[in-house]
Structure formats: C-alpha cells, structure tokens
Amino acid sequence: MAVCIAVIAKENYPLYIRSVPMQNELKFHYTVHTSLDVVEEKISAAGKAMADQRELYLGLLYPTEDYKVYGYVTNSKVKFVIVVDSSNTSLRDNEIRSMFRKLHNSFTDVMCNPFYNPGDPVQSKAFDSMVSGMMVQAS
Amino acid sequence: MADEVLFDFLHMEMVSHVYKEQKSSKGESDSKERAVCVSILEGMGFRVGQGLIERMTKDSPSFKDELDMMKFICKDFWTQVFRKQIDNLRTNHQGTYVLQDNKFALLTQLSNGKQYLEEAPKYLAYSCGLVRGALSNLGLESVVTAEVSLMPSCKFQVVIQKL
C-alpha cells in the first residue's frame with residue numbers, strides 16, 4: 001500500500017497531497033516534486049516514439065533507496081503520483097494500476113461535482129476516504 | 001426514447017430562464033443584455049464541458065495531437081451529447097477548425113427556413129461553451145463561435161489560441 005498519494009494540476013501545482021503521518025512529510029513533498037520532471041519527460045517522449053501504445057499509466061518513474069514512485073497522467077494532463085515503500089516487494093504492477101484507476105475514477109467524480117471549482121485544491125470527503133483506503137495503515 | 005429528449009427540454013428551459021431573468025431585472029432587452037445572456041449560457045456550458053470531457057476520456061488512450069482531440073470531440077463527444085456525429089470537419093492545419101452539423105439536435109425543434117434565424121444564436125451559446133470547456137480541459141485554449149445560415153444545419157468555428 002502507498003505511503004504517499006498526490007494529485008498535481010495541469011500547471012504543476014498540487015491539488016491534493018497526502019502522506020502517512022508520523023513520517024517526515026516534507027520529504028514526500030520533495031519526492032513528488034522531483035518526480036514531475038520524470039513525468040514531463042515521459043509525456044513528451046510518448047508523444048513522439050510510442051505513438052501506438054499511448055497509455056495513461058506511466059509506470060515506475062524512479063526508485064529511490066526507500067521508495068518507489070509511480071506516475072499516471074490523465075487526458076486533461078492532471079498527474080497522479082503514488083509513492084510506495086520499496087520493502088513492500090509483494091506489490092504487483094497490476095495492483096498499482098488498479099490503484100490509479102480508482103484514483104482516476106474518484107477524481108472524475110470530484111471534477112463533475114458542480115460545487116468544485118476546477119483548479120482548486122481537492123477537499124472532497126469521498127475522495128479523502130478513498131485515498132485513506134489505499135494508504136498504509138500506520139500502526 | 002424518453003431520455004433522449006430530457007436534455008433538449010432542459011436546454012430549452014435553461015435558455016428561456018436565463019433570458020427571462022435578464023429581462024425581468026432590467027425591463028427592455030437590448031443588444032447589450034443579449035450579450036450578457038449569451039455569456040451566461042456559454043459559461044454554464046464551459047463548466048459542464050470540462051466535467052464531461054474528464055469523464056469521457058477516462059478510458060481512452062492519451063491523444064496524439066490537436067487533430068486527434070478534435071476528432072474525439074466530433075465523434076465520441078458529439079455522439080454522447082447530441083446523439084450523432086459531426087458531419088464535416090475542416091481545418092486549415094493552423095489551429096482553425098470548422099465543425100459542420102447538418103441536423104443540429106438543439107435546432108431541430110425550430111421550424112426550418114428563415115423565420116427564427118434571429119433566435120438561433122440563443123440556442124447555440126451553451127453548445128459553444130461545451131466545446132470550449134472540453135478543449136480547455138484537454139489543454140487547448142480556444143475561441144468557439146457558431147453560425148447558422150440554413151436552419152437545422154449549423155457551423156461551429158473553433159480557433160485554437162496559440163501561446
């Protein structure tokens with residue numbers, strides 16, 4: 001399960017970021033921020049080379065010593081970033097995909113909420129609880 | 001069958017509500033107020049377009065380029081909203097697109113010919129907003145205008161604003 005989940009707007013500012021408590025929050029913000037360069041690189045590369053297999057899921061962005069960072073970009077260029085613990089080796093690619101899919105579905109619901117202003121930070125409770133379900137339960 | 005007309009009815013009521021609202025607050029309606037109404041409807045469409053495109057593109061692969069996005073608007077988006085595809089898409093490959101619909105759903109209830117030609121823009125403002133909202137959420141800022149020359153057919157001109 002994830003230790004940090006972030007939603008980043010088209011213009012690369014955070015719409016939503018949540019990490020497990022009791023750990024250094026700033027470190028996660030930093031990790032997510034650094035991942036944006038890799039996301040950018042993947043998007044522009046995908047435009048040229050892999051014209052056929054244009055997927056929203058970007059795969060593993062980069063591994064660090066302690067964490068693995070996965071990325072996903074919607075057609076509206078909103079980025080989702082999920083950080084998982086490297087020690088958690090049982091986590092498969094499929095599970096990560098399904099987490100992103102859930103995240104995307106939930107974000108779509110937020111976008112279609114008439115009380116939500118596109119571009120504002122996400123404050124939806126439904127979104128919040130969905131994210132909580134995907135986070136590591138801090139023991 | 002019944003669910004097909006719901007949007008049509010809602011749209012009709014929306015247009016008449018917005019116009020009535022403006023009229024009752026000011027009395028006479030002049031060209032300035034008409035512009036206000038059009039921009040209100042356009043704004044409503046814009047927000048809806050943003051939400052709609054977010055939902056529709058959820059399962060589609062990412063777009064290759066601008067033309068790819070326009071094709072999506074003409075086919076999938078149009079089918080979902082207006083139950084038919086755009087009949088003709090033309091472009092100058094420099095950011096200008098003309099979308100022609102020979103039997104535009106929101107105009108089919110108005111009698112053909114010249115009788116209601118002046119009223120037609122009212123019923124197109126919302127759709128212009130829809131298209132602009134959808135494109136804006138896909139990352140293309142645009143200006144969308146519509147024109148009618150012969151009743152049930154209409155043309156939307158989309159001009160992409162290059163940064």
Side-chain angles (χ1 to χ4, degrees), chain A residues 7-13 15-16 36 39-59 71-80 97-120 122 124 126-127 130, chain B residues 6-7 10-11 13-14 17-18 40-81 93 126 129-142 160-163:
Chain A
V7 178
I8 294 125
K10 199 180 348 210
E11 295 87 0
N12 284 342
Y13 61 88
L15 291 175
Y16 183 93
L36 287 179
V39 171
E40 205 68 37
E41 209 171 273
K42 290 227 180 198
I43 297 176
S44 57
K48 282 179 241 139
M50 326 183 301
D52 298 323
Q53 44 172 97
R54 289 165 282 131
E55 245 196 311
L56 302 179
Y57 176 59
L58 299 175
Y72 183 100
V73 60
T74 71
N75 274 313
S76 50
K77 300 287 173 281
V78 172
K79 294 111 185 155
F80 300 138
R97 266 173 207 270
S98 81
M99 278 162 82
F100 275 123
R101 185 137 287 273
K102 257 162 79 180
L103 205 60
H104 194 175
N105 283 338
S106 205
F107 181 74
T108 315
D109 291 341
V110 171
M111 260 311 276
C112 292
N113 175 358
F115 295 106
Y116 172 73
N117 246 334
D120 285 357
V122 176
S124 151
F127 190 79
M130 189 275 312
Chain B
L6 290 179
F7 169 62
L10 179 65
H11 180 259
E13 280 308 311
M14 230 158 58
H17 172 78
V18 167
I40 291 175
L41 285 168
E42 215 262 351
M44 288 160 95
F46 184 77
R47 179 63 184 85
V48 174
Q50 280 186 314
L52 270 178
I53 203 76
E54 189 75 45
R55 204 169 275 280
M56 285 179 198
T57 57
K58 206 172 60 180
D59 300 312
S60 59
S62 59
F63 296 112
K64 216 166 32 205
D65 51 16
E66 211 175 273
L67 189 64
D68 216 23
M69 294 177 189
M70 287 312 293
K71 281 186 192 159
F72 183 88
I73 298 276
C74 293
K75 290 182 182 157
D76 305 64
F77 186 84
W78 222 258
T79 320
Q80 296 252 348
V81 182
H93 295 287
Y126 182 78
L130 276 183
V131 176
R132 198 169 65 87
L135 287 174
S136 132
N137 208 6
L138 292 176
L140 297 175
E141 294 309 321
S142 57
I160 309 285
Q161 305 289 294
K162 287 274 153 53
L163 296 177

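Protein chains get the first letters and strands the later ones, always in sequence-line order, with residue 1 at the start of each. Excluded from the calculations below are hydrogen atoms, water molecules and symmetry mates; all remaining heavy atoms, backbone and side chain alike, are included.
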Proximal to chain A - members of residues 43-59 of chain B, heavy-atom separation under 4.5 Å: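 Result: B/Arg47, B/Gln50, B/Gly51, B/Glu54, B/Arg55, B/Thr57, B/Lys58, B/Asp59.
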
Chain B contact via A/Asn105 - which portion, at a heavy-atom distance below 4.5 Å: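 Backbone plus side chain of A/Asn105, per the 4.5 Å heavy-atom cut-off to chain B.
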
Less than 4.5 Å to any heavy atom of chain B: does that hold for the side chain of A/Tyr116, its backbone, both, or neither?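 Both backbone and side chain.
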
Taking atom OH of A/Tyr13 as the centre, does the number of heavy atoms from other residues, nucleotides or ligands within less than 6.0 Å exceed 12?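 Correct, the count exceeds 12.
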
Taking distance alone, no hydrogens or angles, what donor-acceptor pairs closer than 3.5 Å link side-chain atoms of residues 69-78 of chain B to residues at least two apart or in another chain?
residue : atom : partner  : partner atom : Å
B/Trp78 : NE1  : B/Asp101 : OD2          : 2.9

Check step by step if side chain to side chain contact (heavy atoms under 4.5 Å, CB included) holds for B/Ser62 and A/Val73. CA-CA 9 Å; B/Ser62 59; A/Val73 60; over 6 Å; no

Within a strict 4.5 Å, meaning less than it, do heavy atoms of the A/Pro118 and B/Asn137 side chains meet?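 No. Closest side-chain heavy atoms not under 4.5 Å.
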
